[in-house]
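Below is one structure; the comments refer to it alone.
All values below come from the heavy atoms of this structure, side chains included, with hydrogens, waters and symmetry mates left out.
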Amino acid sequence: MKDILKQLTGPAIFMLFGLVFFAIGSGLTMRQRTLEGQGIEAPGRVASLQESCDSDGCSYAPAVQFTTVSGESIQFISSYYSSPPAYEVGESVTVVYPPDTPSEAIIKGDGQILHIVFMLVGGGIAAVGFYLVFSTFRAAAIIAPGE
């Protein structure tokens, strides 16, 4: 029995790793879809680009300015950085924000590809991990059928 548990450790960790990635992608997608379904849309404009540099180079996130339905001017920086920049200064975007906290606004549709990639990669890794766990159980049952 200890041998089986030892053999299952690697595949189980592999499966859990994939499930975590899938859960992150799913959670981000659900958060975005909920906000887009229940939030308020407003026209926005890319006011500037926020630069972030490291040893691999620089990436950019748009700083977006918009006005709420109550007339309050809000500026936020997107969570999604890219290189080259996905937006240009002055570009018009659609913003979605929660009615009670407009500072938590997002650019409508921003980051969807990343969410899908997280779900696909995570789901694939989890499926391979599940297969390895199943194969280990099956091999153990074939080797020791009466135990």
Reported [atom1]-to-[atom2] distance for the pair [X] and [Y], which is rounded to 0.5 angstrom:
{"X": "L120", "Y": "I113", "atom1": "CG", "atom2": "CD1", "value": "10.5 Å"}
{"X": "I77", "Y": "L49", "atom1": "CD1", "atom2": "CG", "value": "10.5 Å"}
{"X": "L28", "Y": "I116", "atom1": "CG", "atom2": "CD1", "value": "12.0 Å"}
{"X": "S82", "Y": "L114", "atom1": "OG", "atom2": "CG", "value": "11.0 Å"}

Please report the shortest heavy-atom distance between [X] and [Y], naming the atom on each side.
{"X": "P98", "Y": "A105", "result": "CD-N, 4.4 Å"}
{"X": "K108", "Y": "V96", "result": "CB-CG2, 3.8 Å"}
{"X": "T67", "Y": "A42", "result": "O-CB, 3.9 Å"}
{"X": "S78", "Y": "A61", "result": "O-CB, 3.6 Å"}
{"X": "M15", "Y": "A126", "result": "CG-O, 3.7 Å"}
{"X": "I74", "Y": "E72", "result": "CD1-OE2, 3.4 Å"}

Determine whether [X] and [Y] fall in the same hydrophobic cluster, where Ile, Leu, Val, Met, Phe, Trp and Tyr are linked whenever their side-chain heavy atoms lie under 4.5 Å apart.
{"X": "F76", "Y": "V89", "result": "yes"}
{"X": "F130", "Y": "L16", "result": "yes"}
{"X": "I13", "Y": "L19", "result": "no"}
{"X": "V20", "Y": "L132", "result": "yes"}

Any side-chain heavy atom of [X] within less than 4.5 Å of one from [Y]?
{"X": "T68", "Y": "I40", "value": "no"}
{"X": "P62", "Y": "I107", "value": "yes"}
{"X": "Y87", "Y": "V64", "value": "no"}

Around atom OH of Y81, are there more than 12 heavy atoms of other residues, nucleotides or ligands at under 6.0 Å?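 Counting neighbours around OH of Y81, more than 12 heavy atoms of other residues, nucleotides or ligands fall under 6.0 Å, so yes.
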Sequence neighbours excluded, every pair satisfying ring-ring contact (aromatic ring centres under 6.0 Å, His included) that has a member inside residues 18-45: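 Sorted pair list: F17-F21, F21-F118.
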Not counting sequence neighbours, list each pair that qualifies as a ring-ring contact (aromatic ring centres under 6.0 Å, His included) and has a residue in residues 88-116.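 Applying ring-ring contact (aromatic ring centres under 6.0 Å, His included) to every pair that reaches into residues 88-116, excluding sequence neighbours, yields F66-Y97, Y80-H115.
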For the side chain to side chain donor-acceptor pair (under 3.5 Å) test, which of R33, Q38, Q32 pairs with E36?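 Going through R33, Q38, Q32 one by one, the side chain to side chain donor-acceptor pair (under 3.5 Å) with E36 is satisfied by Q32 alone.
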Return each pair, listed once, that meets side-chain hydrogen bond (donor to acceptor under 3.5 Å, both in side chains) where at least one residue sits in residues 43-54; pairs must be two or more places apart or across chains.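 The answer is E51-Y60.
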